[in-house]
Amino acid sequence: MARRDRVVGPGEVTCLACGWVAYAVTRSEAESEVASMRAYLATLSATDRRGWAPENPSVASYVCLKCGGSDFRPARSGDCPYGVTVNPVVWEGDL
């Protein structure tokens with residue numbers, strides 16, 4: 001079966017170290033999401049918070065999930081196969 005590439009979405013970037021595609025968010029956006037998630041987790045019981053380490057979520061996790069890289073370029077057609085999940089990374093370069 002031939003590989004199907006998906007259409008690259010606006011704001012998607014490709015990791016320079018490993019080639020995985022993610023979507024870019026600003027540090028400010030990541031910090032806001034982390035604060036919102038921590039506030040939500042604070043409302044849960046200890047049982048419902050199982051699996052969440054005290055330091056998570058963290059802006060430090062907004063890196064390439066495959067290799068931990070933090071250097072990216074705008075994604076191009078052919079970078080991302082159809083059916084993959086893309087995750088947020090902090091990148092404030094020009095798209």
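Heads up: numbering here begins at 1 and tracks the sequence. Just so it is clear, the values below take in all heavy atoms, side chains as well, and ignore hydrogens, waters and symmetry mates.
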Give, for atom [atom1] of [X] and atom [atom2] of [Y], the distance between the pair rounded to the nearest 0.5 Å.
| X | Y | atom1 | atom2 | result |
| --- | --- | --- | --- | --- |
| Arg38 | Thr43 | CZ | OG1 | 15.0 Å |
| Arg73 | Trp91 | CZ | CH2 | 10.0 Å |
| Trp20 | Asp79 | CH2 | CG | 14.0 Å |
| Tyr40 | Asp48 | OH | CG | 7.0 Å |

Test side chain to side chain contact (heavy atoms under 4.5 Å, CB included) applied to Asp71 - qualifying residues, sequence neighbours left out: Leu16
hydrophobic_cluster_shared for Val86 and Leu65, side chain cutoff 4.5 Å: no
Cluster link Val89 to Val59, ILVMFWY, side chain under 4.5 Å: no
Closest heavy-atom pair and its distance - [X], [Y]:
| X | Y | value |
| --- | --- | --- |
| Val25 | Pro88 | CG1-CB, 4.2 Å |
| Cys80 | Val84 | SG-CG2, 3.1 Å |
| Val63 | Gly69 | CB-O, 3.5 Å |

Close side-chain approach of Ser70 and Cys64, heavy atoms under 4.5 Å: no
Side chain to side chain, Phe72 and Thr14, heavy atoms closer than 4.5 Å: no
N/O donor-acceptor pairs under 3.5 Å from side chains in residues 27-37, not counting sequence neighbours:
residue	atom	partner	partner atom	Å
Glu29	OE1	Thr26	N	2.7
Glu29	OE1	Thr26	OG1	3.4
Ser36	OG	Ser32	O	3.1

